[in-house]
Amino acid sequence: MISRLAIAIRICINFFMFPIGLPSPNPPPPTQEARPAASDVNNDSSITSSKKRKINSSEKEGIDSISSSPKTTNSSSSSCTSTSQHVQKKLRFEDSVDFIGLDVKMAEESSASCSSNKMKTVFLSGGVGHHANGLTKTAGSTTFSNSKPGAAKKLVIKNFKEKPKLPENYTHETWQKLKEAVEAIQNSISIKYNLEELYQAVENLCSHKISAKLYKQLQVVCEDHIKAQIDQFREYPFLCVTLFLKKIDKCWQDHCRQMIMIRSIFLFLDRTYVLQNSMLPSVWDMGLELFRFYIISDMKVQSKTIDGILLLIEKERSGETVDRSLLRSLLSMLSDLQIYQDSFEQRFLEETNRLYAAEGQRLMQEREVPDYLHHVNKRLEEEADRVITYLDQSTQKPLIATVEKQLLGEHLTATLQKGLNHLLDENRIQDLCLLYQLFSRVRGVRICNSLLLIHFLNAFGSTMVINPEKDKTMVQELLDFKDKVDHIIQVCFMKNEKFVNAMKEAFETFINKRTNKPAELIAKHVDWKLRAGNKEATDEELEKMLDKIMIIFRFIYGKDVFEAFYKKDLAKRLLVGKSASVDAEKSMLSKLKHECGAAFTSKLEGMFKDMELSKDIMVQFKQCQNLPGNIELTVNILTMGYWPTYIPMEVHLLPEMVRLQEIFKTFYLGKHSGRKLQWQSTLGHCVLKAEFKEGKKELQVSLFQTLVLLMFNEGEEFTLEEIKLATGIEDGELRRTLQSLACGKARVIHKVPKSKDVEDGDKFSCNDDFKHKLFRIKINQIQMKETVEEQASTTERVYQDRQYQIDAAIVRIMKMRKTLSHNLLVSEVYNQLKFPVKPADLKKRIESLIDRDYMERDKENPNQYNYVA
């Protein structure tokens, strides 16, 4: 209960307490905050009248009820003294607050003397001590009357009626005491007085308008001491750098320790008088100013200090071990004294610039690019660590910028030209990562890097595209090269947009240096991947391969050339049944449709529809017709506009085959009147049952091979001319057919004389001794290599289609614009067309449209065209 009462009374006293300027035997510790009421003598005038604070019954819960305890004493004097001492100790324990010069009285009548034996007294926890700050205070001034239990009690707190005065010579004696303490701290000897007592002495002086004088006196004492310190540095001008720096550091550390101690004693002065005078520096700042003015601002001391610090940093950069803690302490001193940038940083950056400029010139000539890049990275890491360890953070940006400029920026072009192509060619991923990481720090280097990447890709890619000897492997090499470049851009260049665009630009440039050929080879590569004989890849791998091919496909200009060759190869795969997977075929078709639009793939989709409709028609045909003989017929109905153009070849079929053709023709035309059927014998194939001495076999052959083999049912031996007359097969096709039967792996007929080629006069006979491990044997027709004429005819068909597209684009533009100059018309046409056109070809198409009256030249201006409606 005593403790709670003491806290409640302290709340009241915070409003009315007034300090007496006398020394206290128990002053507050140096770290205690200044009390609000003791804000200097200026506040004294505001507390003139007696103020009262009443504690009524509503505050009973916060204070607790105060009860009196009867106590009989034989010696009232001793009892009163001992009790007041106890109360004083309790007060210091609670909050170190002295209730100075206050009378605490109950509103009811109470006795002022503690000598009465019948008195009922109580001493408040945290009450008034018997002696404080040189004044005698009444310990028994607080009493309670014999009131009824439970009645409300009132507490009245009053100030002194007269202001207390300081004793004579108190100011002088107190300052002497404080001065001795300051000098003891500066000389590193023990202090005679209690720090708490010194703190209270400063508080007492500040409370009686002596703050300004006290501040000046303290400043003079500190100034005299610091002035004396400069001599120790002037006495030894030839002291070695390290010892001199350690001496400066020790002086600084001692000064900081001393000022911290002095400030703790004069804390009350620092937090009252100095705060009220904004022009005055704090005790700590005053110490910094004095040290800066008398020690560091001395030109000899400052010059030797800065030179010594720079020398240690230079030694560390050259690989020697130095005292980093000493550097950290000294540079921290310069920052605290606010001379870091003016006296040190500027010179430090100049020395850094000079060092790395010379080092960059020397190493660029001595080392290869990868070694040089690793050295630069090491230097940057060292400087970053230097900033973390002992340099000021403000130095980081200009320091790193200096290193980057001298080691990277000055040698940008030389490094990239000397090393980038080499690193890309050898696929040195780590070194390329380091190169990008370092040079991305330099402004504008990404543009330079992307230009060099374009140059490298153009040079390397052109060697693959232009050389005809690499046609067989060109597409695969392009795919591998694209994977390599993608990996480099993703891993090394962090998918930077400039490098991605540079890669696309380079591929688009070099892949079209050879007109139309890359498109043709890409189509053949797709055909090879989608054939049934290709067992190298699973479905997933095949899908990934098609995705990669489509990426290369995007770069080519002649997409119509690709379509022509792709359609030709797709027709062979569908008709001969060589397609590896229908799903893969449709997947490729959907990719082309997504890339080029529905018009591009409309004919290709029509080919798949024809194959599906043919299956349905054959089901109906077999259900409705009873076919004569033992020949099974399968017909594919092809829409002529969808499929490639085939030259019809008239051959001499067996009567049974002709009869089946007529039956199917009657059936089909009966369902679809008005249509015309044209039989393509070059696309037919058959399955023959043959009997050899070893046993029966099934031969899967083309229609031409079938006609040749069936002749040997009628005779034993035939010459080339006889077979040609009997079958009606064209000479070149017949020679390839006989070569496949007599000179291939499965030789079902003999040729005399034996040779690889079929010549005039050769004789052929059936090989009755034919042996093979398989029952069904597929005898491939020897494919005629695509001649230059056939390639030219395919290309010519593409050009013919292009002419129609050019004509349509010109008419579309002129119909919309009505009148247009030649240059603007050419520009508009180029924007609409998806394939390259020579200006001469475009001019021919314009002339053709003028001749056909789609447009006309302007009569006044020949370079201007008018649309003819």
Side-chain angles (χ1 to χ4, degrees), residues 222 226 229-230 232-234 236-237 239-260 263 281-357 359 378-407:
C222 294
I226 294 175
Q229 300 298 314
I230 192 64
Q232 62 177 321
F233 303 110
R234 292 175 176 170
Y236 306 101
L239 198 65
C240 77
V241 173
T242 305
L243 293 178
F244 179 82
L245 293 178
K246 288 182 178 179
K247 205 169 186 64
I248 283 285
D249 182 55
K250 185 178 184 304
C251 179
W252 166 251
Q253 297 296 339
D254 292 343
H255 173 75
C256 292
R257 177 177 49 79
Q258 293 163 11
M259 291 309 300
I260 290 172
R263 181 181 179 274
S282 65
V283 174
W284 173 259
D285 291 339
M286 177 191 68
L288 293 181
E289 289 181 1
L290 293 173
F291 192 89
R292 177 172 59 246
F293 183 78
Y294 289 105
I295 303 295
I296 292 299
S297 292
D298 185 90
M299 295 307 298
K300 293 183 179 179
V301 174
Q302 185 180 123
S303 177
K304 194 165 186 179
T305 302
I306 302 302
D307 290 343
I309 293 174
L310 292 175
L311 180 62
L312 288 183
I313 295 175
E314 185 177 354
K315 287 183 177 180
E316 187 183 36
R317 282 172 170 168
S318 62
E320 298 183 28
T321 303
V322 298
D323 189 353
R324 287 189 148 200
S325 60
L326 176 62
L327 287 171
R328 179 169 57 249
S329 178
L330 291 172
L331 292 173
S332 176
M333 173 191 74
L334 297 180
S335 296
D336 292 341
L337 297 176
Q338 297 180 354
I339 61 171
Y340 176 87
Q341 292 184 345
D342 296 334
S343 63
F344 169 76
E345 187 177 76
Q346 187 175 359
R347 284 192 58 192
F348 171 69
L349 293 176
E350 289 175 357
E351 292 293 325
T352 302
N353 191 71
R354 179 189 57 79
L355 171 69
Y356 286 123
E359 184 175 273
K378 179 184 176 185
R379 282 300 196 188
L380 288 170
E381 290 176 352
E382 289 175 355
E383 296 302 332
D385 180 63
R386 219 163 263 126
V387 172
I388 295 172
T389 305
Y390 54 77
L391 293 175
D392 191 81
Q393 286 296 322
S394 62
T395 311
Q396 181 176 11
K397 190 172 181 180
L399 173 61
I400 300 301
T402 301
V403 179
E404 290 171 352
K405 177 185 176 184
Q406 295 301 333
L407 295 183

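Any value given below was found using the heavy atoms of this structure, including those in side chains, with hydrogens, waters and symmetry copies removed.
Looking only at side-chain heavy atoms (C-beta outward), Leu245 and Leu312 come within less than 4.5 Å of each other. Contact annotation: the side chain of Ile230 never approaches that of Tyr294 to less than 4.5 Å [non-hydrogen atoms, C-beta and beyond]. Residues Val301 and Ile248 are in side-chain contact: their nearest non-hydrogen atoms beyond the backbone lie under 4.5 Å apart. Contact of the Gln406 side chain with the Asn353 side chain is registered, since non-hydrogen atoms from C-beta on lie closer than 4.5 Å. Side-chain contact check for Leu330 versus Tyr390: every heavy-atom pair is 4.5 Å or farther apart. Trp252 is not listed as a side-chain neighbour of Ile295, based on a closest heavy-atom distance of 4.5 Å or more.
In this structure a side-chain-to-backbone donor-acceptor pair under 3.5 Å is missing from Ser329 to Leu326. Side-chain atoms of Arg263 do not come within 3.5 Å of backbone N or O of Val283 as any donor-acceptor pair. Arg379 places a side-chain N or O within donor-acceptor distance of the main-chain N or O of Arg317, the cut-off being under 3.5 Å. Formation of a donor-acceptor pair under 3.5 Å by the Thr402 side chain with backbone atoms of Pro398 is found in this model.
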Using salt bridge (Lys or Arg N to Asp or Glu O under 4.0 Å), reason through Asp254 and Arg257 one step at a time and then give a plain yes or no. CA-CA 5 Å; Asp254 292 343; Arg257 177 177 49 79; 3.4 Å; yes
Where do Ile309 and Leu334 land on the side-chain contact (heavy atoms from CB on, under 4.5 Å) test, with the steps shown first? CA-CA 11 Å; Ile309 293 174; Leu334 297 180; 4.1 Å; yes
Let's go through Lys247 and Phe233 carefully: what are the C-alpha distance in whole Å and the side-chain angles of both, what is the deciding distance for side-chain contact (heavy atoms from CB on, under 4.5 Å) to 0.1 Å, and is it a yes or a no? CA-CA 8 Å; Lys247 205 169 186 64; Phe233 303 110; 3.9 Å; yes
For a side-chain contact (heavy atoms from CB on, under 4.5 Å) check, start with the C-alpha distance between Met333 and Asp249, then their side-chain angles and the critical distance, and finish with the verdict. CA-CA 8 Å; Met333 173 191 74; Asp249 182 55; over 6 Å; no
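Of the inter-residue distances, the one linking Lys250 atom NZ with Leu243 atom CG reads 13.5 Å to the nearest 0.5 angstrom. Distance check: Ile306 CD1 to Leu331 CG gives 8.0 Å after rounding to the nearest 0.5 Å. Atom-to-atom distance recorded for Ser335:OG and Leu391:CG is 9.5 Å, nearest 0.5 angstrom. Rounding to the nearest 0.5 Å places CZ of Phe291 at 4.0 Å from SG of Cys251. Note that the OG atom of Ser282 and the CE atom of Met259 stand 8.5 Å from one another [nearest 0.5 Å]. In this structure, OG1 on Thr305 lies 5.0 Å from CD1 on Ile296, to the nearest 0.5 angstrom.
In this structure, Glu381 does not pair ionically with Lys378, as no charged nitrogen and carboxylate oxygen lie closer than 4.0 Å. Between Lys304 and Asp307, none of the side-chain N atoms (NZ, or NE/NH1/NH2) sits under 4.0 Å from a carboxylate O, so this pair counts as no salt bridge.
Between Phe344 and Phe348, the ring-plane angle classifies as parallel under the 30° and 60° cut-offs.
Within a 6.0 Å sphere centred on CD of Glu314, heavy atoms belonging to other residues, nucleotides or ligands number 12 at most. Shown here is Gln346, whose CD atom has no more than 12 heavy atoms of other residues, nucleotides or ligands within 6.0 Å.
Among residue pairs with one or both ends in residues 385-400, those qualifying as salt bridge (charged side-chain N to carboxylate O under 4.0 Å, His left out) are Glu316-Arg386, Arg324-Asp385, Glu383-Arg386; sequence neighbours excluded.
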